[in-house]
Structures are given as C-alpha cells and as structure tokens.
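To keep things clear, I will list the structure first and then write my remarks on it.
First the proteins, then the strands, lettered A, B, ... as listed; each starts at 1.
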Amino acid sequence: MNRLAVALVVFAGCGGKAATDTVTVNASGSTFQKAFQEVAIVKFTKAHPGVQVNYGGGGSGKGRKDLADGVVAFAGADSPYKDAELTAAKGGAVLYFPILLGAITVAYDVPGVDKLQLAPETVAKIFQRDITKWNDPLIVADNPGATLPDLGIVVAHRSDGSGTTDNFTKYLAKAASSVWKLKSGSTVEWSPDTQAGNGNGGVAQIVKSTKGAIGYVDLSDAKASGLAYAAIKNATGAFVVPTAASASAAGDGIAVDDKLLFSALDAPGAAAYPITCQSWVIVYANQADAKTGQAIADYVKFLVTDAQAELTALDFAPLPKSLQDKAIAQLAQLKVGK
Amino acid sequence: MIDAAALRGRRDRADRSFRGLAIGAAATVLLVLGLIAVTMTARARTVIGELGVSFFTSSRWSPADGLYGALPFVWGTLYTAVIALVIAVPVSLGVALFITEVAPRALKRWLIYAIDLLAVVPSVVFGLWGVLVLSTVLPRSFLAAGVVLAIMIIPIITSLAREVLETTPVADKEAALALGATRWEMIGASVIPHSKGGIVGAVMLGLGRAMGETIAAALVIGSATGQITLDALAPGNSMPAVIANSWGEADTLQRSALIALAVLLFAMTIVVNLIATTIVQRSMRRARGTV
C-alpha cells in the first residue's frame with residue numbers, strides 16, 4: 001500500500017503537466033496521534049488542494065522503520081529512534097517535531113466509586129498484582145473518607161505491542177521505581193491472571209464490561225467509552241485528574257534537549273498530570289525533492305501552528321507555548337532542495 | 001502440402017516449449033518457497049546469534065530484558081491446534097458421513113454448498129465473533145482460541161473427508177449390506193477402513209491450517225506472555241498471534257525474534273503437511289488397489 005503510493009508520487013512527478021499536479025505525502029506510525037493527523041489532514045487539504053497527505057498508522061515502531069527504509073515521507077512516533085536504528089536510515093539526519101501531548105488515564109469500573117485517587121506506588125502494585133482487592137489498605141490510604149468495596153481487581157492491559165504500554169510502564173518505572181518490577185517496553189511480562197485487549201478501544205471495552213476492572217487507556221478513548229478514571233498523585237504530591245489542560249501543563253517547564261526530545265512523564269509542576277506522553281513527527285532534515293519536500297515542510301508547519309487549535313476537542317493537549325516556539329524555530333532546519 | 005517430417009518438427013517444437021513453460025512454472029514455485037526460507041532465516045539469524053539455543057528452550061519472552069524464548073508460543077500453537085482438532089474431527093467426520101451415506105440427494109447438495117461457504121468466510125470474521133460473542137461466555141484463553149479454530153477447520157476437514165469417503169467402492173458397501181450389516185456396521189466395516197488414510201490426511205491439513213491461523217487466534221487467545229500450562233481456560237499466546245500483535249512496535253532484536261518465530265512456524269507447518277501428503281498418497285494407492 002505504502003510502496004504503491006510512493007510509486008504514485010514518483011509517477012505524478014514524472015508525468016508532467018498532463019496529470020493533475022497533486023503531490024502525495026505518505027506517512028505511517030504512532031496510532032496515538034492518528035486521530036489528530038486525520039483531522040489535521042482534512043483542514044490542511046482544504047488550504048492546500050494540491051497536496052494529498054496519507055497517514056497510515058501501524059505503530060511507532062513501524063513508522064520509524066518505514067521512514068528509515070525510505071518508504072514514507074514522515075513518521076509519527078511516541079518515542080525517538082534508538083541510535084542503532086538511526087544509522088540505518090536512508091535519508092540521513094532526522095528532525096523531531098513535537099506535535100501534541102496526551103494523557104493516559106487509569107480507568108476503572110468499581111460500583112459506587114465515582115472518584116478515585118491513586119499514588120504511583122499504588123498503581124504499580126495494582127498492575128503487577130501485589131494488590132488484588134479494591135479495599136486494600138493502600139488504596140484506602142490514598143482515598144481518605146471513601147468507601148471501597150471488597151471486590152477483586154481485574155487488570156486490563158494491551159495485547160498488541162504499544163507506545164501507550166511503553167509510556168505507561170516507563171512512568172511506573174520512574175515514579176514508582178522502588179516498587180515496579182515489570183520494567184518498561186511496548187510489551188512487558190504481565191501476570192497471567194490479567195486480561196488483554198487489542199488497542200486502547202479493546203482495553204476500554206474490558207474495563208467497561210468487567211466489574212472491578214482497571215486499565216490504562218488514552219484520554220480520548222476513556223471519554224468515548226464513558227469510563228471513570230483516577231486522579232494520579234504527581235511529583236509535587238498533588239492528585240491531578242487527566243484533562244487536556246493538565247496534560248498541557250505537564251509539557252510546560254520540562255527539560256527539552258536541542259533535538260526537541262523530552263519526556264513529559266512524571267513532570268514537575270503542581271498542575272501537571274503525571275502520566276502524560278508526547279508524540280513527534282519525524283522527518284528527514286534534507287528533502288531532495290523540491291515539490292514533495294515543500295509539501296512536507298508546509299504540513300509539518302501546519303501541525304505545530306494552526307492545527308494545534310484542533311487538539312483540545314480530540315482530548316489531546318496542545319503544545320505549551322515554550323515548546324511550540326522551539327518547534328517553530330526548528331522549521332528553519334528543514335531544508336528543501338531546488 | 002506439409003510433409004510428415006515438418007509436421008513432426010513443429011509438434012516437437014510445440015512440445016518442447018510447453019515443457020519449458022511447465023518446468024518454469026514449477027520452478028518458480030520452488031524458487032519462491034526457497035527464497036522465502038532463505039531471506040527469513042537470514043533475518044532470524046540476529047536473534048539466534050544473540051541468544052543461541054535459548055531461543056528454542058527458554059520460556060521467558062521479555063523485550064525489556066532482551067530475552068526471547070519461543071517455547072510458550074510453540075506450546076500455545078500446538079495446544080490450541082490440538083483443542084481445535086478434538087472438537088473439529090468428530091463433527092467433521094459426522095457431517096462428512098451424513099453427506100455421503102445418509103443425506104437425501106437434495107439436502108446433500110445444499111450441505112456441500114454451505115460447508116464450502118463456511119470455508120471462505122474470512123478468518124477475521126470468526127475472530128470478531130470470538131471477541132464479541134464467544135468471550136461473553138468463555139474467557140479469552142487457549143480453549144476460546146481452540147473453539148474458534150475448530151469452527152474454521154471444520155469445513156476443510158469435512159470437504160476433504162467427504163471426497164475420500166465417496167471413493168469407497170459401491171461393491172464394498174453392497175457386500176457388507178448383503179451380509180446383513182446395518183448401515184452403521186457397513187460404515188464401520190467398509191467405509192472407514194477404506195478411507196482411514198485419507199481421513200488422517202484431511203485432519204493433518206486441518207491441523208496445518210489451525211497452526212497458522214493468525215487474526216482469529218490473536219483476538220481470542222488472551223495474549224498472556226510465558227504461559228505453558230494445561231489449564232485450557234488460562235490466557236495464552238500462539239506464534240502467529242504474537243507476531244501479528246507485536247510487529248508494529250518491535251525494535252530490531254524483537255523483530256528478528258518474531259521473524260525467527262515465523263521461520264519455526266514455517267518449518268512446523270511444512271512437517272505437518274509432508275506427513276499429511278505421505279499419508280494421503282499411501283491411502284490413495286491402497287484405494288486404487290481395491291477397485
């Protein structure tokens with residue numbers, strides 16, 4: 001599919017004036033940012049009728065691999081390349097453009113409990129099955145005054161390798177480092193007495209249909225499924241509910257390196273929601289083809305500027321001003337050939 | 001007027017070029033199969049080089065530690081396939097015998113049609129049925145995957161078994177009936193002995209299909225890592241399911257491990273198919289002998 005589309009780009013490029021002068025830009029990668037890409041593409045195409053952008057999803061790992069192999073024009077990814085992967089990239093140096101922040105909720109279904117507060121250590125113990133009852137003293141301690149039922153906890157996680165799992169486990173490895181034993185990654189060794197669902201939607205479905213279930217689901221899917229989700233204790237000790245604003249706050253004031261790489265997990269700041277992750281668009285710094293290169297540059301610029309206004313409605317968080325300025329400044333490093 | 005020599009020459013040329021074409025077509029199949037094996041094995045070498053035989057013997061699959069053991073997935077693949085066979089074989093043979101020996105002619109045609117239709121339903125449809133319907137009564141587990149796989153291989157085993165059963169010579173059957181056998185006794189004395197090899201072959205082909213099924217298994221098996229247990233209600237994982245589920249986010253070493261799993265699965269299905277072909281051929285030879 002991707003190869004075919006790239007072939008079409010080449011064909012359109014050679015075809016000259018006879019064919020319509022449509023430039024096709026293909027991308028694949030992070031499913032986390034897919035909903036945003038889809039909305040952004042519609043808006044962008046209205047302003048640039050000659051450009052067709054296709055965002056294929058498939059996972060961050062697939063996106064990075066496709067970009068390295070030169071199969072797509074840009075990749076969406078929730079985590080950057082590892083150095084070893086990058087040396088194999090066909091098009092040379094890459095640029096990372098942060099485009100959004102998003103909250104991963106700890107969603108649950110406990111009858112009679114519509115407000116829940118959890119410290120990172122408690123979340124870690126729940127997800128590695130050290131705590132198996134909702135009225136465990138540790139959960140009670142996080143929720144003074146609340147009545148919690150004597151109900152078994154059912155843990156739901158992803159069956160597919162996922163950037164959401166990667167970020168969620170990275171968060172636990174960081175914020176609950178003394179407790180968390182399962183390490184981090186797109187797939188981890190969950191206990192066999194847990195349940196697995198495909199995609200954020202699959203986990204949401206398990207949580208929704210199982211009494212006593214808890215799972216990690218991105219904010220937009222949790223809201224779409226009408227799930228309740230917990231306020232999580234952040235680095236300053238405050239319990240913060242996941243919202244677009246609290247995710248945005250997590251992106252403000254975190255350390256960003258000169259490649260614009262950072263992690264919004266367990267961010268400092270009293271208003272920051274701690275399980276906040278970020279997503280980038282990765283492009284080659286040098287775009288040889290003038291037409292396609294310009295289209296890519298225009299689209300990336302659109303993503304970090306005008307398209308930011310679309311994020312809140314999708315339950316993502318826009319980049320905080322500090323980060324957005326850096327992304328806009330980096331556009332100058334995107335060189336388009338003549 | 002064309003003389004005989006010229007005619008023969010032309011025929012030779014036609015024969016030769018047809019021969020060449022046919023050999024070319026046959027060679028292409030072997031070439032494609034060989035190339036798949038070679039390129040896949042080459043890509044699987046990274047993980048084997050890194051982990052050695054522990055890839056085949058370890059039961060831990062932990063990308064975070066760089067550990068990849070194929071054993072739980074091999075177990076899941078074989079266990080779900082065996083569950084599927086236990087369910088599918090009696091049903092398939094029952095249906096095949098009903099079609100060949102019992103069903104009235106009009107019903108027979110419709111039954112064959114329905115079975116063939118079941119065989120072409122895309123596996124994702126069975127998988128979604130498993131997730132949406134089956135999982136409300138059965139947790140995602142080895143057993144759930146086995147049930148879905150059983151439904152998927154019933155049409156294959158049925159239609160192959162039916163064709164084998166139909167080759168039973170009428171003389172054999174009439175002989176049994178003439179000796180006073182009931183229909184049931186006739187099936188036991190004439191039809192089954194005649195078709196045994198072919199039925200085993202049909203079952204083996206069903207087994208091959210069950211082992212390779214990806215999407216349906218991925219959706220209902222439960223995706224637990226490192227599960228080697230006889231508890232059929234425990235969540236597990238199979239080789240194709242883990243490949244489909246983890247490919248998108250896999251890093252370099254994990255990719256190689258997943259490819260190595262694919263090579264292993266490839267080898268396992270080839271072995272199953274070879275055994276099936278041998279058994280079917282032997283039974284066909286015997287069938288021909290009795291006519």
Contacting moiety of A:S30, where chain B heavy atoms sit under 4.5 Å
neither
Kindly indicate whether the side chain of A:R158, heavy atoms from C-beta on, has any atom under 4.5 Å from the side chain of B:S223.
no
So which of B:S135, B:S62, B:G226, B:A244 has the largest heavy-atom pair count under 4.5 angstrom toward chain A?
B:S62
Among A:G161, A:G163, A:G63, which residue forms the greatest number of heavy-atom pairs with chain B at distances under 4.5 Å?
A:G161
Could you report the tightest heavy-atom contact between B:D65 and A:E189, atom names first, then the distance?
OD2-OE1, 4.1 Å
Looking at A:Q195, is its backbone amide N or carbonyl O close enough to the side chain of B:R140 to form a donor-acceptor pair, meaning the two atoms are under 3.5 Å apart?
no
Do B:N245 and A:T187 make a side-chain contact, defined as non-hydrogen atoms from C-beta onward lying under 4.5 Å apart?
no
Hey, what do you get for NZ (A:K65) to OG1 (B:T252), rounding to the nearest 0.5 Å?
8.0 Å
Residue pair A:S186 / B:Q254: nearest heavy atoms and the distance that separates them:
OG-OE1, 4.3 Å
When heavy-atom pairs shorter than 4.5 Å are enumerated against chain A, which of B:V242, B:T229, B:N237, B:T225 gives the highest number?
B:T225
Among A:T169, A:D160, A:T31, which residue has the highest count of heavy-atom pairs closer than 4.5 Å to chain B?
A:D160
Could you tell me whether B:I215 atom CD1 has more than 12 heavy atoms of other residues or ligands within 6.0 Å of it?
no
Heavy-atom side-chain proximity of B:E249 to A:D166 below 4.5 angstrom
no
Does any heavy atom of chain B fall under 4.5 Å from the side chain of A:S60, the backbone, both, or neither of them?
both
Measure distances from B:W61 to the heavy atoms of chain A and classify the residue's part below 4.5 Å as side chain, backbone, both or neither.
backbone
So does B:R255 have more than 12 non-hydrogen atoms from other groups sitting under 6.0 Å from CZ?
yes
CG/A:D257: more than 12 non-hydrogen atoms of other groups inside 6.0 Å
yes
